Amino acid sequence: MIEVRAQKQLGEFRLDAAFEAPAGVTALFGRSGAGKTSLANAVAGLLRPEAGRIAVDGTVLFDSARRIDLPVRHRRIGYVFQDARLFPHRTVARNLSYGGRHDAARVIEMLGLGPLLDRYPAALSGGEASRVALGRALMSDPVMLILDEPLSALDAPRKAEILPYLERLRDTVRLPILYVSHSASEVARLATTLVIMEAGRVLRVGPAEEVMADPAAVPLLGVQEAGSLITARVEAYDAEDDLTELALSAGRLLLPGRAGVPGQPLRLRIAAQDVILSLEEPSGLSALTRLPVTVTRVEEGRGPGVAVGLAAGTDRLLARLTRRSARSMGLAPGQQVWAIVKATAVAPQDVGG
Amino acid sequence: MIEVRAQKQLGEFRLDAAFEAPAGVTALFGRSGAGKTSLANAVAGLLRPEAGRIAVDGTVLFDSARRIDLPVRHRRIGYVFQDARLFPHRTVARNLSYGGRHDAARVIEMLGLGPLLDRYPAALSGGEASRVALGRALMSDPVMLILDEPLSALDAPRKAEILPYLERLRDTVRLPILYVSHSASEVARLATTLVIMEAGRVLRVGPAEEVMADPAAVPLLGVQEAGSLITARVEAYDAEDDLTELALSAGRLLLPGRAGVPGQPLRLRIAAQDVILSLEEPSGLSALTRLPVTVTRVEEGRGPGVAVGLAAGTDRLLARLTRRSARSMGLAPGQQVWAIVKATAVAPQDVGG
Amino acid sequence: MQWLGPEEWAAVRLSLRVSAMATLCSLPLGLLVAQALARGRFAGRGVLNALVHLPLVLPPVVTGYLLLLALGRRAPLGAWLAERGIAFAFSWTGAALAAAIMGFPLMVRAMRLGIEGVDPRLEQAAATLGASRLRIWLTVTLPLALPGILAGTILAFAKAMGEFGATITFASNIPGETRTVPLAIYEFLQVPGGEGAALRLVAVSLVLALGAVAASEALAQRSAARRRG
Amino acid sequence: MQWLGPEEWAAVRLSLRVSAMATLCSLPLGLLVAQALARGRFAGRGVLNALVHLPLVLPPVVTGYLLLLALGRRAPLGAWLAERGIAFAFSWTGAALAAAIMGFPLMVRAMRLGIEGVDPRLEQAAATLGASRLRIWLTVTLPLALPGILAGTILAFAKAMGEFGATITFASNIPGETRTVPLAIYEFLQVPGGEGAALRLVAVSLVLALGAVAASEALAQRSAARRRG
Amino acid sequence: ERVLVFAAASLGGTLDEALAPWEAATGHDAVVAYAGSSALARQIEAGAPAQVFISANEAWMDSLDAAALLAPGTRRDLLGNSLVLISGEADVLALEDLPQTLGEGWLAMALTQAVPAGIYGREALVSLDLWDSLEPRVVQAEDVRAALALVALGEAPFGITYASDAAAEPRVHVAATFPADSHAPIRYPAAALAGSGPVAVDLLDWLSGPEAGQVFAAAGFDLP
Ligand SMILES: Nc1ncnc2c1ncn2[C@@H]1O[C@H](COP(=O)(O)OP(=O)(O)OP(=O)(O)O)[C@@H](O)[C@H]1O
Ligand SMILES: Nc1ncnc2c1ncn2[C@@H]1O[C@H](COP(=O)(O)OP(=O)(O)OP(=O)(O)O)[C@@H](O)[C@H]1O
Ligand code: MOO
Ligand SMILES: [Mg+2]
Ligand SMILES: [Mg+2]
């Protein structure tokens, strides 16, 4: 549970943001200069708001009314800065251990830091430095994490190794995480709550599923980034084809690879652009997942696209079509159609644990 | 025309890379620590190779055999560093004009720097700083650009504003660009040539279309990043539906929005995961593009996925399916199937000008 | 003026002139030497460094004496200069020279720290933007080294205001010409009961020197504030 | 030893002891003051800064005289200290005190430059990792300010090796007790024909002081090289 | 027993030589601290642990006397000196011709307001009616030895020092001696300091004695 309210004038920029978020990952999403880093700094205690209140899991970190301002070091917030901020005079090993040696072996392994331990930061590549910064924050055994674009300098395979670790922190240790990112797929995968910022203010807050599946949020997220989050249950794993079968409220979905264990709930992000609609039940297609859905909403955007809200059982899906398609199919709320989801488009990056 | 051969020992890391690339954008792609920045530094003159030769458009910048080592300032290479490296004691305006005022108004406009001109770098957000760095390099009127992950701190809408500008530089001024990125969609959109690096060496070089459409390159690019590049020709623009019709060698493709002018060639990236295969000609689908294709190759990867090479007329396409789909469809080289491409998945980010 | 006699005011004016001259004239050389020591990797680096520290390590009187040996009329260099009408010994320019040399190690050290603190990657960035070495130095290195340069300048100035031993040995004590405030103070202190006059002069020179220190402080602060954003 | 007499070697040993003592004892205070001036925003900051610069601005003899006034046996503070067995005037500790005070502005300025050069964002990063202020200072600020700290230390040491005016005024010139190398050199210069002996002493103290400078240089270089990667 | 002697810097060397036989004979240890008379006098005022003070300057001894810091009855004039005009050249010069001979050259003196040799010298030039014409050409050195050095180095063609200084420096020659009545008598007062013991007086007596007198005379000092 994170509660943030902060006001601060920075030159001509005014930060005036407030939101509340339940446990889990709270993603801060917004354009460059929207105030994400400033807000994160306020939470960490590096920027003192003129007025406001910041509390994490019931602990008040800052309250201008009650003149509470917990010193940074007592907040125990592991902060991965947008710039790595490694200590240049300490080796990687001594950077990592500066705040503690919590879960050291696993962090070093997961981030692939083993070969770097004796190096000084000046001899690291950009991505290596950002991994060390992440490791340093994780090893300090924080009660909360702030990650400011921690993965933006990393390649896809490396991201794929780190995200599950963050998911485990979110789910097993129940560590609150404030996550700043420009990547909707990262956000979708991790975020419980999505906070959309613009010009220092919070435009929209809510459960990530809702905000992302809301056709009205498409322009905020960027056309390519919109999509829906669905919680599915793992049914079975087919070792021969290396496929995991998931149960949705409206049917089955097949994911490549092994994900979770049977019975476990799993979060999936299905990008609006990866959903195809069909008037008849399709057959002979390489896409294995077809769900009967009901059109709930047809939203014309500014561009050529149409965002179509769908109810798939109790889940909500979002599809993005061209206007011509929508017209030729005669889509209207209440209509029954088939949604085709390509399993390979979902997996493995966008599957939350 | 870029010609690079460089050897250098950096601690335990050995850079030993060589490639040649024609005019246009040469993308350096590779995992964190692969040596991309080091190679870019060698080209810029910031890292002196022990041996090697570097030439751009016929001008020899470095040649260990002939003891040529052009000073950095005479290379006239606009370099956007992985870290922004703005001059902290100069305002944004005076950072921008440090190397010249080439195309100043347009660059400032395109990068949205107008409101920042009087600020000092310390008062910039991460993304703002990276935009200023890009602007500073562009305004120095370079004869070559090196861009080391210039867009990674930027949001999708901002990227969508910058990419066309870079494309114009590539096409109109014919500026050679060395582009380091982890984002396949950026690379696909811009790159003429793709250089894949690993552990200091060049693993694969070639025209971007070829490398990306080569099923064997999928693991190098990352599963999510593989796809094919196709050059299409603009046929017509449908103002009512805001759709552009493109002619491929195998048929028509509809893109949302207006792209190019009739007769103009256009590059498209079609991600492997966005291609669905169908045994029969599909109907009643929201996806508007369906192309008759011939299976050329079925490549089983390490994971659950299968990469399928397709010939669509004279173009090559790549599709990624689950193994089960491939089997149930009985895919084999020579087989005639239909490829369904979702127009909204292609547009607008992956359309090159 | 009752409080200080005209001769004392003359000493104050002279001290200011000598110190200003010493500081301004050693500034360019100090910057060059600081740059060379900070970044250069040349053969005589160690020797140059030792040379710069010399006036700090030597008793001031010895420095003055060595100056006399080097620039005196019988010395080749001194004779050569004298022929060209440049005489240092027994003139206010000599006092300035002595003060400059005594302050030089302080000036260079501070400037060097400032220059060493400049991130060479910013200089690289400037080079990629086509700037020449000189332009980089003037537009990137120097402005970023400003705190060190200011500190070096003010240290040299303050030292010049207080310099005694080398000055009296090299430039002697000629009222109106080389009798700076410290020399005047020394004179007062030699006579029983002269403390009062000495302390009045001390007070004046303190006000001036510390005023300069405070001014440089304010300057440094202003430029730092902008950079902090 | 033919070359220098036993009394001269005694002066050399004494100078080393005095300079080492002066440098080591002023080190912690110098660091504190440098930190306060670099980062503190407190009321007496300007005054503290002026005070620190004082010994630079004052002629050394005046500093010695003021020390004598403050710490002589007849002065209240001096008497109070003497009762507790702490006598500065006329003892080698007094020479060390004089040297320390004369070197203090140089030490503090360099250290302050070093500390000001430390990126406060690194200190912030340390705070987010749970480090206390003291730990941050010891593990981040000081190591990163090392070039400045080394420079300050070596400047103070070099100055102590060369200090004359304040020492002879405050601690007097007592052979074996306060007769440091610069005082011995002065004495030789007082005796006609003593230049040779004086120059020999100059040479010895130069070798020592410049050796220390070179050593500190090497140390700074080593730690810089690692950081440069 | 250890006796700490505070002595004017210009006695450096000579005094050690004069004291060596006394130390050998008595077994006492004379430790001499040389510095400017003013510095030594101030240190004595501040409580310096010296037993004997030999000043080059009567005024400072007077001021210690007035402050009752001297052991009563021990003050004496230990040495005298004469004032000479020195030159790098071996030629003898009539004092009246000095301004003309000097021309644009410099006349080196000790500080004329502060240091005894300078004060005496100025007094002498004033009484000889030469001061007004010479004043602009005077360079004042920190002390009489520094003035001597300026002449020895050739920086100044002439200088005014004590005869004892001139005697010890082979590179200078005495061009003229100032008449004894052109300035106040030059005296080096010496005294044991308050609280000192009999050994200090014994040391003083030895210095006033004939054996030490020979040493001083050889060094160019006058005996009172
Ligand atoms: N000290 C300051 N003075 C003036 N403006 C400031 C200052 N600090 C930050 N700003 C401005 O505040 C805005 C928010 O900055 P912030 O760093 O929080 O953005 P952000 O959302 O993290 O952006 P990005 O994604 O680019 O990192 C920016 O426009 C920035 O220029
Ligand atoms: N001075 C050095 N000493 C030792 N190793 C070095 C040095 N400089 C770079 N390296 C190593 O060389 C490798 C290549 O670094 P480089 O910065 O070129 O990688 P990169 O491909 O740009 O990676 P990233 O995508 O993370 O920025 C890295 O493993 C890095 O740690
Ligand atoms: O120490 Mo001095 O004695 O600078 O003239
Ligand atoms: Mg930010
Ligand atoms: Mg890199």
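Every chain is numbered from 1 and lettered A, B, ... according to where its sequence line falls, protein lines coming before strand lines. In this text, all values refer to a predicted model and were calculated from it rather than measured experimentally.
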More than 12 heavy atoms from other groups under 6.0 Å of CZ on A/Arg168: yes

Side chain / backbone / both / neither for A/Phe81 at chain D, heavy atoms under 4.5 Å: side chain

Neighbour count >12 (heavy atoms, 6.0 Å) for atom CZ, A/Arg101: no

A/Leu86, part contacting chain D, at a heavy-atom distance under 4.5 Å: backbone

Residues, nucleotides or ligands: over 12 heavy atoms within 6.0 Å of A/Arg67 CZ: no

Segment of A/Arg136 engaging chain D (4.5 angstrom heavy-atom cut-off): both

Inter-residue atom distance A/Leu47.CG - D/Gln124.CD, 0.5 Å rounding: 9.5 Å

Contacting moiety of A/Asp83, where chain D heavy atoms sit under 4.5 Å: side chain

Approximate separation, where rounding is to 0.5 Å, of A/Leu96 CG and D/Leu129 CG: 10.5 Å

Side chain A/His89, main chain D/Thr139, donor-acceptor under 3.5 Å: yes

Heavy atoms of other groups near A/Glu161 CD, more than 12 under 6.0 Å: yes

Nearest-0.5 Å distance that lies between atom OG1 in D/Thr128 and atom CG in A/Leu46: 7.0 Å

Non-hydrogen atoms of D/Ser132 and A/Arg73 that approach each other most closely: CA-CD, 3.3 Å

Proximity breakdown for A/Ala137 and chain D, heavy-atom pairs closer than 4.5 Å: backbone

Residue part contacting chain D, namely of A/Arg75, when any heavy atom lies under 4.5 Å: neither

Shortest non-hydrogen contact between A/Tyr98 and D/Val140, atoms and distance: OH-CG2, 3.7 Å

Using a 3.5 Å cut-off and no angle test, enumerate the donor-acceptor pairs between side-chain atoms of residues 43-51 of chain D and protein atoms at least two apart in sequence or in another chain.
{"unit_1": "D/Arg45", "atom_1": "NE", "unit_2": "D/Leu37", "atom_2": "O", "d": "3.3"}
{"unit_1": "D/Arg45", "atom_1": "NE", "unit_2": "D/Gly40", "atom_2": "O", "d": "3.3"}
{"unit_1": "D/Arg45", "atom_1": "NH2", "unit_2": "D/Leu37", "atom_2": "O", "d": "2.6"}
{"unit_1": "D/Asn49", "atom_1": "OD1", "unit_2": "D/His53", "atom_2": "ND1", "d": "3.4"}
{"unit_1": "D/Asn49", "atom_1": "ND2", "unit_2": "C/Glu217", "atom_2": "OE1", "d": "3.0"}

Region of A/Ile77 that comes under 4.5 Å of a non-hydrogen atom in chain D: backbone

Shortest non-hydrogen contact between A/Phe87 and D/Leu122, atoms and distance: CE2-O, 3.4 Å

Other residues, nucleotides, ligands: >12 heavy atoms within 6.0 Å of A/Asp118 CG: no

Neighbour count above 12 (heavy atom, 6.0 Å) for D/Glu83 CD: yes

More than 12 heavy atoms from other groups under 6.0 Å of CZ on A/Arg201: no

